[in-house]
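Below, all heavy atoms of this structure are taken into account, side chains as well, without hydrogens, waters or symmetry copies. Throughout, residue positions are numbered sequentially from 1 according to the sequence presented.
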Amino acid sequence: MWERDRVSQKNVETLQYRFDGPEEAPVLILGPSLGTTWHMWDRQVPELIKQWRVFRFDLPGHGGAPAYPAGSVTDLTTRLLATLEGLGVHRFGYAGCALGGAVGIELALRHPERLASLALIAASPRFGTADEFRQRGVIVRTNGLDPIARTAPERWFTGGFAAAQPAITEWAVQMVRTTDPGCYIAACEALASFDVRAELGRVGVPTLVLVGSDDQVTGPAEARTLVAGIPDARLAVVPGASHLVPVEQPAAVTDLLVRHFSTAWQPVFETSTGQTALPAAAVKPVLSAAPAQPLQTGPVAEIAPVVPPQPQGRPDPYDAGLKVRREVLGDAHVDRALEQADEFSGDFQEFITRYAWGEIWNRPGLDRRTRSCVTLTALVAGGHLDELAFHTRAALRNGLTPGEIQEVLLQAAVYCGVPAANSAFKVAQQVIREETTPQE
């Protein structure tokens with residue numbers, strides 16, 4: 001059977017789903033974003049079913065699915081697994097957009113034995129603030145979904161795409177309008193309570209992090225946070241796309257998914273499934289984006305591996321510090337520092353790795369974004385411009401946007417002095433230009 005739709009009528013523990021593709025192929029699951037239906041993936045399916053049996057599902061109350069609200073990402077994940085259990089699907093690849101991406105992270109953290117490979121699209125380890133999503137719930141309770149529906153295109157698409165594709169824009173509006181309000185509010189609560197920033201290091205599956213360059217909802221900053229935290233992750237930024245990048249740049253997304261799942265499919269944990277999988281090399285991500293191309297003309301982003309990360313050892317301060325130092329500053333910078341160490345400076349390199357990175361940067365009390373803000377301010381105050389340059393790069397890796405770095409330096413100008421901030425702006429401006437200019 002090449003295609004079938006099913007709706008659970010038994011209980012609230014399963015989801016509305018659809019299969020496409022040959023029954024003997026390995027299963028690849030596509031998870032939707034809040035307010036969308038499985039049709040957001042329509043233009044990926046024809047190419048994906050050449051290699052995989054594609055499983056799509058609808059969130060509760062979306063796309064005509066039964067309106068049984070799910071108030072947490074854990075609840076959604078449990079329902080998805082219950083649906084798959086009933087179908088005899090035990091191991092699969094997974095790609096999810098936004099809320100669908102949160103489900104993917106939950107699968108990787110709580111059910112790693114089920115997951116062969118992962119793609120996170122327009123996703124984040126924490127989606128904004130809890131107050132933002134709860135306020136959205138207040139709006140829906142008071143005014144229904146129409147205000148959310150009318151503003152969906154500006155959140156989901158670039159202005160140029162929305163103007164050039166009025167039919168798709170109207171489709172997006174109607175998708176939201178036809179969603180059950182109670183299920184939409186529950187999904188907002190699920191996003192409000194979702195925060196796995198401290199757990200990303202436990203994601204052990206090969207991961208593609210994909211984001212639109214113009215995404216104002218969960219953009220490149222959030223994508224970099226995921227890449228910095230997940231040990232085996234690669235980053236791809238698609239120019240000229242916003243939040244619903246699979247809809248806005250379908251050819252680019254399809255190409256990236258095909259390449260990722262073709263080469264990064266983790267071996268099965270047991271041989272009884274009969275699946276054949278290719279092991280993926282553990283590599284760290286770098287961004288290498290090509291110039292934007294017209295819609296559906298081909299890929300606009302590349303995934304380029306670099307130096308493999310060092311294997312994790314026991315939880316020793318030095319080993320943990322070296323890992324954090326590499327994740328924050330990058331392998332190339334750390335390798336240069338260690339290679340240049342000699343009998344005179346070697347003890348100092350060990351000191352900062354063990355105590356600055358292993359003891360302080362590794363403490364759970366502040367996230368890495370906040371530690372970058374503090375570090376930038378301290379370096380401005382001390383006039384340490386050489387270190388400011390590589391810590392500006394580190395701040396971008398830790399998820400700060402150029403605009404947020406600007407705000408840090410403006411704040412520093414007030415408390416550290418205008419001359420110090422003037423020098424800092426020159427250094428940071430050059431670094432940001434280098435780091436945000438797409439590589440050919």
For the residue pair [X] and [Y], establish whether any side-chain heavy-atom pair is separated by less than 4.5 Å.
X    : Y    : answer
F19  : V54  : no
V334 : L322 : yes
D20  : R53  : no
R79  : P60  : yes
V258 : Q51  : yes
V211 : I121 : no
R43  : T254 : no
D42  : H39  : yes

Could you pull out the closest heavy-atom pair between [X] and [Y], with the gap in Å?
X    : Y    : value
L115 : G104 : CD2-O, 4.1 Å
A236 : L208 : CB-CD1, 4.1 Å
A67  : P69  : O-CD, 3.4 Å
T37  : M175 : N-SD, 3.3 Å
T218 : A122 : OG1-O, 2.6 Å

Can you find a side-chain donor-acceptor pair between [X] and [Y] that sits under 3.5 Å?
X    : Y    : value
Q266 : S117 : no
E248 : T158 : yes
E189 : S72  : no
Y184 : R136 : yes
Q174 : E170 : yes

Between [X] and [Y], is there a donor-acceptor pair closer than 3.5 Å when you use the side chain of the first and the backbone of the second?
X    : Y    : answer
T370 : L366 : no
Q135 : E132 : no
R177 : A149 : no
R371 : R363 : yes
T225 : A223 : no
S33  : L99  : no
T151 : I148 : yes
R325 : W361 : no
R91  : E113 : yes
H260 : W265 : no

For the aromatic rings, using the six-membered ring if either is Trp, is the centroid distance between F92 and F55 under 6.0 Å?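 Centroid separation for F92 and F55: 6.0 Å or greater.
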Could you state the interatomic distance from [atom1] ([X]) to [atom2] ([Y]), rounded to the nearest 0.5 Å?
X    : Y    : atom1 : atom2 : result
E359 : T353 : CD    : OG1   : 12.0 Å
W38  : Y17  : CH2   : OH    : 9.5 Å
E47  : W52  : CD    : CH2   : 9.0 Å
H243 : E154 : NE2   : CD    : 13.0 Å

Salt bridge (Lys or Arg N to Asp or Glu O under 4.0 Å) assessment of R150 paired with D146: CA-CA 6 Å; R150 284 187 282 106; D146 189 63; 2.8 Å; yes
Steps toward side-chain contact (heavy atoms from CB on, under 4.5 Å) verdict (V253, V247): CA-CA 9 Å; V253 171; V247 176; over 6 Å; no
Parallel, tilted or perpendicular: ring planes of F161 versus F157, cut at 30 and 60 degrees: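 F161 and F157: tilted rings.
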May I ask you to say whether [X] pairs ionically with [Y], meaning some side-chain N is under 4.0 Å from a carboxylate O?
X    : Y    : value
E222 : R126 : no
R369 : E404 : yes
R368 : E327 : yes

Give the intermediate values and the outcome of salt bridge (Lys or Arg N to Asp or Glu O under 4.0 Å) for residues R18 and D58. CA-CA 9 Å; R18 171 190 180 116; D58 277 329; over 6 Å; no
T78 and E13: CA distance, side-chain angles, deciding distance, side-chain contact (heavy atoms from CB on, under 4.5 Å) verdict: CA-CA 8 Å; T78 300; E13 295 180 355; over 6 Å; no
Verdict with reasoning, C97 to L244, per side-chain contact (heavy atoms from CB on, under 4.5 Å): CA-CA 8 Å; C97 183; L244 280 195; 4.1 Å; yes
Would you sort out whether D255 and R259 count as a salt bridge (Lys or Arg N to Asp or Glu O under 4.0 Å), showing the intermediate values? CA-CA 6 Å; D255 181 67; R259 283 189 286 154; 2.9 Å; yes
Please determine whether side-chain contact (heavy atoms from CB on, under 4.5 Å) holds for the pair T74 and E106, giving the CA-CA distance in whole Å, both sets of side-chain angles, and the decisive distance to 0.1 Å. CA-CA 7 Å; T74 299; E106 183 77 6; 2.9 Å; yes
